[in-house]
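Have a look at the structure below, then the notes.
Given the structure is predicted, the values throughout are model-derived calculations rather than measurements.
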Amino acid sequence: MVLIKEREMEIPVIEFGELDGENRSKTMALLDHACDKWGFFMVDNHGIDKELMEKVKKMINSHYEEHLKEKFYQSEMVKALSEGKTSDADWESSFFISHKPTSNFCEILNISVERSKTMDEYVCQLHKFAERLSKLMSENLGLDQEYIMNAFSGSKGPAFGTKVAKYPECPRPELMRGLREHTDAGGIILLLQDDQVPGLEFFKDGKWFPIPPSKNNTIFVNTGDQLEILSNGRYKSVVHRVMTVKHGSRLSIATFYNPAGDAIISPAPKLLYPSGYRFQDYLKLYSTTKFGDKGPRLESMKKMGNADSA
């Protein structure tokens with residue numbers, strides 16, 4: 001396991017290349033630990049074309065410079081900040097692209113055909129990565145490999161979309177957040193972020209932990225609210241924010257592997273404890289299985305509870 005050290009804390013880095021070799025079980029255990037104890041981690045050797053990732057970043061940066069930067073700095077929020085006034089707005093210039101089940105990319109103004117093809121190619125590779133990651137998480141939770149995918153599917157398959165954001169230079173960073181504190185509403189979040197400018201922070205163990213810029217196009221992953229619910233609280237979503245900086249404009253390309261709008265979300269039944277049984281019935285079973293593994297005992301109580309409620 002490779003670790004990035006920052007303020008006496010270490011961000012897990014999962015080497016996806018190890019999943020196809022003799023270190024698979026060790027890497028799966030590290031992935032489970034990252035999801036369970038952290039809620040965020042880096043992925044290297046993810047299989048996505050890194051030259052393509054560079055093209056996507058350059059494309060987004062160019063689009064911002066050509067079409068969004070001037071509009072941002074002419075906004076009322078920027079004018080108010082110049083007078084020392086703050087607001088509940090976020091210091092970001094952003095837009096959202098829907099990829100699946102339907103795409104709205106052609107509706108975004110000033111996106112050329114060439115840029116559209118670049119983004120489509122990147123999204124195609126990233127979607128395959130997201131599906132693989134969902135299968136690995138399902139496996140680590142003791143579920144069928146396609147459980148998360150199926151749970152997120154609804155009538156048209158899981159939703160897949162990207163929030164593209166720039167966090168411009170801020171003359172008064174002490175007065176404004178780039179993005180206020182929140183957890184992500186969805187499932188699995190895949191972040192291609194700036195390789196130079198910092199700003200992203202996650203709240204862990206009672207303090208804010210800065211996430212360094214991503215070198216060598218690693219992908220930063222965090223889990224959202226729906227995965228916390230589906231995993232019955234095991235893979236928790238984590239509060240995070242984006243801080244503003246006085247020098248440098250930070251790039252964020254966050255892609256969301258989310259449930260479809262009509263997907264019905266609930267904890268996976270296999271992850272729930274038994275309920276609706278009489279304690280005396282548990283004690284009766286316990287008396288004969290006390291020195292054995294508790295797993296089969298709890299499964300028996302699940303079946304008993306289900307039978308009594310039927």
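Classified by interplanar angle (parallel below 30°, tilted 30° to 60°, perpendicular above 60°), the ring pair His99/Phe160 is tilted. Taking the six-membered ring where the residue is Trp, Phe152 and Tyr257 present tilted rings, their angle falling between 30° and 60°.
A salt bridge does not link Glu228 to Lys236: none of the charged nitrogens lies less than 4.0 Å from a carboxylate oxygen. Using a 4.0 Å cut-off between charged side-chain N and carboxylate O, Asp281 and Arg278 make a salt bridge. Salt bridge status for Lys57 with Glu54: present, with a side-chain N to carboxylate O gap under 4.0 Å. A salt bridge does not link Glu299 to Arg297: none of the charged side-chain nitrogens sits closer than 4.0 Å to a carboxylate oxygen. Between Glu15 and Lys26 there is no salt bridge, since no side-chain nitrogen of the basic residue lies less than 4.0 Å from a carboxylate oxygen of the acidic one. Between Lys79 and Glu76 there is a salt bridge, since at least one side-chain N of the basic residue sits less than 4.0 Å from a carboxylate O of the acidic one.
Here the side chains of Thr223 and Ile189 are not in contact, with every heavy-atom distance at 4.5 Å or above. Residues Glu65 and Lys166 form no side-chain contact, since every pair of their non-hydrogen atoms from C-beta on lies 4.5 Å or further apart. For the pair Arg250/Val245, no side-chain contact is recorded, criterion being any heavy-atom separation below 4.5 Å from C-beta on. Contact of the Tyr147 side chain with the Leu230 side chain is registered, since non-hydrogen atoms from C-beta on lie closer than 4.5 Å. Annotation: side chain of Arg24 is in contact with side chain of Met28 (closest heavy-atom distance under 4.5 Å). At a threshold of 4.5 Å between non-hydrogen side-chain atoms, the residues Arg180 and Arg241 do not count as touching. Side chains of Gln226 and Asn258 form no contact here, defined as non-hydrogen atoms less than 4.5 Å apart. Between Leu191 and Asn222, every side-chain heavy-atom pair lies at or beyond the 4.5 Å cut-off.
Closest of all the heavy-atom pairs between Met53 and Ile219 is CE-CG1, 3.8 Å. The two atoms that bring Val221 and Leu190 nearest to each other are CG2-CD2, 3.9 Å, heavy atoms only. When all heavy atoms of Pro213 and Gln196 are compared, the pair lying nearest together is CG-O, 3.5 Å. Between Leu175 and Gly84, the shortest heavy-atom contact is CD1-O, 4.2 Å.
Note on Ile188: it clusters hydrophobically with Leu30, by side-chain heavy-atom contacts below 4.5 Å among ILVMFWY residues. Hydrophobic clustering (ILVMFWY, side-chain heavy atoms < 4.5 Å, transitive): Leu133 and Leu143 are in one cluster. By the criterion of side-chain heavy atoms lying less than 4.5 angstrom apart, applied directly or through intervening Ile, Leu, Val, Met, Phe, Trp or Tyr residues, Phe96 is not grouped with Phe105; the two fall into different hydrophobic clusters. Residues Val197 and Leu179 are members of separate hydrophobic clusters, defined by side-chain heavy-atom contacts under 4.5 angstrom among Ile, Leu, Val, Met, Phe, Trp and Tyr. Note on Tyr286 and Tyr273: same hydrophobic cluster, where clusters join Ile, Leu, Val, Met, Phe, Trp and Tyr whose side-chain heavy atoms are under 4.5 Å apart, directly or indirectly.
For the atom pair OH of Tyr167 and CG of Asp194, the computed distance is 11.5 Å after rounding to the nearest 0.5 Å. Rounded to the nearest 0.5 Å, atoms CD (Glu139) and CD1 (Ile148) are 11.0 Å apart. Atom CE of Met243 sits about 10.0 Å away from atom SG of Cys170, to the nearest 0.5 Å. Taking NZ of Lys215 as the start and CG of Asn217 as the end, the distance is 11.0 Å to the nearest 0.5 Å. Once rounded to the nearest 0.5 Å, the distance linking CG of Asp144 with CG of Asn150 reads 8.5 Å. Note that CZ of Phe220 and CE of Met42 are 6.5 Å apart. Values are rounded to the nearest 0.5 Å.
Aromatic pair Phe95/His63: ring centres closer than 6.0 Å. A distance below 6.0 Å separates the ring centres of Phe129 and Phe16.
Gln193 and Ser214 form a side-chain donor-acceptor contact under 3.5 Å, judged by distance and modelled atom types alone. If you check the side chains of Asn104 and Ser98, you find no donor sitting under 3.5 Å from an acceptor. Using a 3.5 Å distance cut-off with no hydrogens or angles, the side chains of Thr218 and Asp44 do not pair a donor with an acceptor. A side-chain donor from one of Tyr235 and Asp32 sits under 3.5 Å from a side-chain acceptor of the other.
Using modelled atom types, no side-chain atom of Lys163 and backbone atom of Ile253 make a donor-acceptor pair closer than 3.5 Å. Using a distance-only test at 3.5 Å, with no hydrogens or angles considered, a donor-acceptor pair links the side chain of Asp293 to the main chain of Gly295. Between the side chain of Thr244 and the backbone N or O of Gly178 there is no donor-acceptor pair closer than 3.5 Å. Put simply, the side chain of Asp262 never gets that close to the backbone of Gly154: no donor and acceptor are under 3.5 Å apart. Under the 3.5 Å distance criterion, the side-chain polar atoms of Ser138 are matched with a main-chain donor or acceptor of Ser134.
Judged as a ring-ring contact (aromatic ring centres under 6.0 Å, His included), and not counting sequence neighbours, the contacts of His240 are His182, Phe202.
The number of heavy-atom neighbours closer than 6.0 Å to NZ of Lys50, taken from other residues, nucleotides and ligands shown, is above 12. Residue Glu70 places its CD atom among 12 or fewer non-hydrogen atoms of other residues, nucleotides or ligands, all under 6.0 Å distant. Within a 6.0 Å radius of CD1 in Ile264, no more than 12 heavy atoms belonging to other residues, nucleotides or ligands are found. Remark: Glu66 CD is packed, more than 12 non-hydrogen atoms of other residues, nucleotides or ligands lying under 6.0 Å away.
Judged by the 6.0 Å distance and 45° axis criteria, Arg177 is not positioned over the aromatic ring of Trp91.
Residue Val56 forms a side-chain contact (heavy atoms from CB on, under 4.5 Å) with just one option from Arg115, Met119, Glu51, and that option is Met119.
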Residue pair Val13, Val43: steps toward the side chain to side chain contact (heavy atoms under 4.5 Å, CB included) verdict: CA-CA 6 Å; Val13 178; Val43 177; over 6 Å; no
